[in-house]
Amino acid sequence: MKIKEKFEQKRPVISFEIFPPKHGAALQDIDETLGILSECKPDFISVTFGAGGSSNHNRTIELAKKIKQEYHIDPLVHLTCLTYNKEEIDEFSKVLLENGLENVLALRGDENPSAVPKEDFCHAFELTTYLRQKGDFCIGGACYPECHPQSPNRVMDITYLKEKVDAGDEFLISQLFFENSMFYSFVENCKIAGIKVPISPGIMPVINKAQIERMVTLCGASLPERFQKILNKFEDNKQALFDAGMAYAVSQIIDLLANDVDGIHLYTMNNPIVARKICEEIKNIIKKC
Ligand code: FAD
């Protein structure tokens, strides 16, 4: 089923993000995670593509097939374009269509010293435009409540986002953030700019200080003082940090749901315990949304 239809039928749309197991690890290694994630009955599961400089591309498609065929959940395949030419994207889209993988998150991809950009695609909107001609895909895009780190300013960031939506993005998934008020003003600014597609907020439960510092450096999300205090206070105690990080993420999600967001996209980091605990905490709240 196309993800845009899910947003049309129900709100909030709940989704999880996972990444393919690293090279050398068997695809089956993700079965335990997928088993637990599927018990939470998400509306879709998204699979990253070469994120963090990995070249696990075929595994993205294999994993998406597995999610669809074995777990009967709709997958969303991330696809980046900066380091691919049109022939390579043609090949990817052919495989996606052959396997009934109709939902694609069209991305530029991170700049990565080990992969040389090719010249066919410089920005995600060009991939969206290209994929539109290739088949009946449902295409989504990424957005940045705190502005993409390479954007000159917020106004230009939203101008370019509108260009992506005009090119054919039918829903947006946000970068992770820790301060909901930033997301609300971002959504407001999108509306003012005429962006009308659903925007699902991305939430990452923090259970490990090193992990979050790495992510924040990579994506530019800011850490609010009250959250920084939690990290500082509990960083030396694994269980305390886990509990505090989960409580913070749950309170963020409840506030978002109370404010009628279009969805919740959970960056699971392949940790099924985190996803299960969050689902458990919010299951009654979701029923009331
Ligand atoms: P774009 O929309 O192309 O934007 C990139 C930059 O270019 C921005 O600064 C934008 O303002 C600017 N820009 C856009 N259009 C124009 C224009 N016409 N002229 C000038 N400037 C312009 N990375 C991976 O490698 N694999 C993944 O699986 C992955 N999944 C992600 C999932 C989500 C939900 C998010 C939020 C990010 C993900 N990323 C992933 C990271 C993403 O690839 C990077 O953030 C990347 O730097 C930008 O990708 P984009 O698709 O947003 O690019």
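For ligands, and for the atoms within them, numbers begin at 1 and follow the listed sequence.
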>> As an exercise, identify every atom of ligand 1 less than 4.0 angstrom from a heavy atom of Ile173.
In response: 34 (C)

>> If we set the cut-off at 4.0 Å for heavy atoms, which region of Phe19 has an atom near ligand 1: side chain, backbone, both, or neither?
In response: neither

> Quick one: do Lys86 and Asp120 make a salt bridge, cutoff under 4.0 Å?
Replying inline: no

> Taking only heavy atoms of Thr80, which atoms of ligand 1 are found under 4.0 Å from at least one of them?
Replying inline: 24 (C), 25 (O), 26 (N)

>> Is the contact between His123 and ligand 1 made by the side chain, the backbone, both, or neither, using heavy atoms and a 4.0 Å cut-off?
In response: both

>> Show the atoms of ligand 1 that are less than 4.0 angstrom away from any heavy atom in His148.
In response: 6 (C), 8 (C), 9 (O), 45 (O), 46 (C), 47 (O), 48 (C)

> Which atoms of ligand 1 are found less than 4.0 Å from any heavy atom of Ala124?
Replying inline: 1 (P), 2 (O), 3 (O), 51 (O), 53 (O)

>> Under the criterion salt bridge (charged side-chain N to carboxylate O under 4.0 Å, His left out), I'd like the reasoning laid out for Glu87 against Lys118: C-alpha separation, chi angles, the key distance, then a yes or no.
In response: CA-CA 11 Å; Glu87 289 70 34; Lys118 296 190 178 160; over 6 Å; no

> Heavy-atom contacts under 4.0 Å between His265 and ligand 1: side chain, backbone, both, or neither?
Replying inline: neither

> What part of Met156 sits under 4.0 Å from ligand 1 if we count only heavy atoms: the side chain, the backbone, both or neither?
Replying inline: neither

>> Need the ligand 1 atom indices (1-based, order shown) with element for anything under 4.0 Å from a heavy-atom of Leu105.
In response: 32 (C)

>> Yes or no: does Gly109 have any heavy atom under 4.0 Å from an atom of ligand 1?
In response: yes

>> Could you tell me, atom by atom, which parts of ligand 1 come under 4.0 Å of a heavy atom of Phe125?
In response: 18 (N)

